[in-house]
Amino acid sequence: MNVAIIGASGYTGLELIKILINHPKFDITYIANSTGNENVQDLHPCLKNVLNVDVQKADAKEVSKVADLAFLALPHKTSMFFAKELLDLNVKVVDLSADYRLELEAYEKHYCPHEDKEHINGAVYGLPEYYKESIKNTNLVANPGCYPTASLLALLPFIDYIESGSQIFIDAKSGVSGAGKKLSEASHFANLNENIHAYNPFKHRHMPEIEEKVKLLKEKEFQINFVPHLIPVTRGMLVSVFATLKEDIDVQKVLEESYKNSKFIRIRENVVDIKSTAGTNFCDIFVAKNGKALFVNSSIDNLLRGASSQAVVNANLMCGFEEDEGIPKIAYVP
Ligand SMILES: NC(=O)C1=CN([C@@H]2O[C@H](COP(=O)(O)OP(=O)(O)OC[C@H]3O[C@@H](n4cnc5c(N)ncnc54)[C@H](OP(=O)(O)O)[C@@H]3O)[C@@H](O)[C@H]2O)C=CC1
Ligand SMILES: CC(=O)N[C@@H](CCC(=O)OP(=O)(O)O)C(=O)O
């Protein structure tokens with residue numbers, strides 16, 4: 001199956017290249033950014049003696065000549081312009097941006113006017129543990145954000161057991177690669193090193209994404225109180241969910257039952273950490289309770305489970321392959 005990577009010069013674009021170079025069923029036939037006219041080794045020197053291909057200036061018609069599926073590792077708002085063209089040219093799309101994740105009204109409230117209203121209703125949310133059959137039967141997957149991935153995988157098994165109308169709190173911590181390759185005050189070493197801080201408390205655009213998926217999947221509405229933090233590491237994401245149970249239940253059994261067939265969920269006996277998932281598509285989850293107080297702890301690699309490896313799992317399913325074909329499983333430990 002021939003695939004294209006548009007946005008190859010970014011962090012998730014490089015992660016896609018690393019996975020797809022070794023994938024048994026996918027061949028990279030097109031790599032692009034916004035300018036082209038250079039070799040991929042100029043964009044990513046780590047690929048010298050590994051991959052020697054020219055980077056194109058992204059063009060949907062050219063993609064349709066050489067690829068069956070395209071990964072869009074582009075900023076929001078940019079993605080939907082390419083997705084619209086590619087879908088009309090019968091190219092399957094896995095979009096890593098937020099452009100197709102939300103229902104139209106929510107998207108336009110939190111982002112901008114949508115430029116591809118024709119396709120947004122046909123998009124499938126790319127969280128395989130909950131949408132696997134729909135992913136297999138669509139041409140457009142909206143890959144979840146990293147925070148929503150780690151938060152929803154921790155929270156969803158317990159939604160039916162949480163007190164109606166009670167508050168749910170999510171404390172999330174992300175490495176700085178979550179912000180992408182662009183330089184910013186927040187990602188400046190002197191500000192980031194030996195430091196940690198919250199940002200956009202109760203205002204982050206991932207809060208509606210988490211709330212919407214809880215409502216769509218569980219037909220229940222909860223106010224999600226989401227507070228992200230930036231931590232002084234390159235990659236990694238740790239999420240802590242706090243909620244109130246209706247009654248004292250066997251939380252370990254609920255978690256094990258929810259994910260008994262999930263290849264990329266590891267239920268841990270102790271609290272989770274970010275090094276054990278870095279470099280892999282795994283989501284590690286730990287749960288504890290104190291009477292009716294619930295604590296669920298999850299860890300992912302924001303660039304992999306939070307983006308690129310989850311995107312390739314979705315592409316595997318869209319193309320009829322085993323979900324774990326060519327997917328990284330060995331952590332960068334120590
Ligand atoms: N970083 C993370 O942990 C996660 C990121 N995401 C999402 O994935 C997407 C990519 O993220 P990330 O890799 O971090 O972002 P980066 O900012 O690192 O990379 C974005 C890429 O998009 C390319 N690009 C921008 N505009 C165009 C254009 N018009 N035509 C072609 N290429 C273009 C840029 O290439 P150039 O400038 O060279 O032209 C750059 O390579 C974003 O939507 C992000 O929100 C989702 C989950 C996790
Ligand atoms: C550390 C950091 O800045 N993280 C990004 C999340 C990036 C991401 O995964 O979300 P999208 O795909 O929705 O952009 C942020 O908080 O906006």
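For ligands, and for the atoms within them, numbers begin at 1 and follow the listed sequence. None of the values given here were measured: they were computed from a predicted structure.
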Participant: Distance only, no hydrogens: is a donor on one side chain within 3.5 Å (strictly under) of an acceptor on the other, for His23 and Asn316?
Facilitator: yes
Participant: Would you say Lys181 and ligand 1 have an N/O pair spaced under 3.5 Å apart?
Facilitator: yes
Participant: Answer yes or no: does an N/O atom from Ser174 fall short of 3.5 Å to an N/O atom of ligand 2?
Facilitator: no
Participant: With a 4.0 Å cut-off on heavy atoms, does Ala32 reach ligand 1?
Facilitator: no
Participant: Identify which one of Glu325, Glu322, Glu323 satisfies the salt bridge (Lys or Arg N to Asp or Glu O under 4.0 Å) criterion when paired with Lys25.
Facilitator: Glu325
Participant: Which residue is it: Thr280, Thr277, Asp284? I am looking for the one with a side-chain hydrogen bond (donor to acceptor under 3.5 Å, both in side chains) to Arg266.
Facilitator: Asp284
Participant: Test your reading of the structure: does Ala8 have an N or O sitting under 3.5 Å from an N or O of ligand 1?
Facilitator: no
Participant: Working to the nearest 0.5 angstrom, can you tell me the gap between Met237 CE and Ile300 CD1?
Facilitator: 5.5 Å
Participant: Is there a nitrogen or oxygen of Thr35 sitting under 3.5 Å from a nitrogen or oxygen of ligand 1?
Facilitator: no
Participant: Of the protein's non-hydrogen atoms, which lies at the shortest distance from atom 21 (C) of ligand 1, and what is that distance?
Facilitator: Ala73 O, 3.4 Å
Participant: Closer than 4.0 angstrom: is that true for some heavy atom of Phe82 and an atom of ligand 1?
Facilitator: yes
Participant: Please report which non-hydrogen protein atom sits nearest to atom 9 (O) of ligand 2, along with the residue it belongs to and the distance in Å to one decimal place.
Facilitator: Cys146 SG, 2.7 Å
Participant: Go through ligand 2 atom by atom and flag the ones less than 4.0 Å from a non-hydrogen atom of Tyr147.
Facilitator: 16 (O)
Participant: Would you mind checking if Glu115 and Lys84 are paired as a salt bridge, meaning a charged N to carboxylate O distance below 4.0 Å?
Facilitator: no
Participant: So which of Leu14, Thr12, Asn302, Leu74 gets nearest to atom 42 (C) of ligand 1, if we judge by its closest heavy atom?
Facilitator: Leu74
Participant: Looking only at protein heavy atoms, which one is nearest to atom 15 (C) of ligand 2, and how far off is it?
Facilitator: His204 NE2, 3.4 Å
Participant: Applying side chain to side chain donor-acceptor pair (under 3.5 Å) to Gln56 and Asp54, what does each step give before you reach the verdict?
Facilitator: CA-CA 6 Å; Gln56 310 300 322; Asp54 291 331; 5.5 Å; no
Participant: Report the nearest protein non-hydrogen atom to atom 17 (O) of ligand 2: residue, atom name, distance rounded to 0.1 Å.
Facilitator: Arg205 NH2, 2.8 Å
Participant: With heavy atoms of His76 as the reference, note each atom of ligand 2 found under 4.0 Å away.
Facilitator: 11 (P), 13 (O), 14 (O)
Participant: Near Ile196 CD1, under 6.0 Å, is it more than 12 heavy atoms from other residues, nucleotides or ligands?
Facilitator: yes
Participant: Please tell me if the side chains of Asn314 and Tyr131 come closer than 4.5 Å, counting only heavy atoms from C-beta onward.
Facilitator: no
Participant: Side chain or backbone, does Arg101 bring an N or O within less than 3.5 Å of an N or O on ligand 2?
Facilitator: yes
Participant: What about Phe202 and Phe226, are their ring centers closer than 6.0 Å?
Facilitator: no
Participant: What protein heavy atom is closest to atom 45 (O) of ligand 1, reported as residue, atom name and distance in Å?
Facilitator: His76 CE1, 3.3 Å
Participant: Does only the side chain of Thr78 get under 4.0 Å from ligand 1, or the backbone, or both, or neither? Count heavy atoms.
Facilitator: side chain
Participant: Among His206, Arg205, Glu212, which residue satisfies the side chain to side chain contact (heavy atoms under 4.5 Å, CB included) criterion with Pro148?
Facilitator: His206
Participant: Just jot down the ligand 2 atoms closer than 4.0 angstrom to any heavy atom of Tyr199, in number order.
Facilitator: 1 (C), 2 (C), 3 (O), 4 (N), 15 (C), 16 (O)
Participant: Are Tyr125 and Glu209 linked by a side-chain donor-acceptor pair shorter than 3.5 Å?
Facilitator: yes
Participant: Side chain or backbone, does Tyr111 bring an N or O within less than 3.5 Å of an N or O on ligand 2?
Facilitator: no
Participant: Glu209 versus ligand 2: do any nitrogen or oxygen atoms come within less than 3.5 Å of each other?
Facilitator: no
Participant: Please state which protein non-hydrogen atom is closest to atom 5 (C) of ligand 2 and give its distance, to 0.1 Å?
Facilitator: Gly178 O, 3.4 Å
Participant: If you draw a 6.0 Å radius around NZ in Lys246, do more than 12 non-hydrogen atoms from other residues or ligands fall strictly inside?
Facilitator: yes
Participant: Just checking Asn37: does its CG atom have more than 12 heavy atoms from other residues, nucleotides or ligands closer to it than 6.0 angstrom?
Facilitator: no
Participant: Got Glu85 and Lys61 here, is their nearest side-chain heavy-atom distance under 4.5 Å?
Facilitator: yes
Participant: If you measure every N/O of Ser97 against every N/O of ligand 2, is any gap under 3.5 Å?
Facilitator: no
Participant: Report the part of Ser177 (side chain from C-beta onward, or backbone N, CA, C, O) that has a heavy atom under 4.0 Å from ligand 1; answer both or neither where that applies.
Facilitator: backbone
Participant: Please could you name the atoms of ligand 2 that Leu230 approaches to less than 4.0 Å, counting only its heavy atoms?
Facilitator: 1 (C)
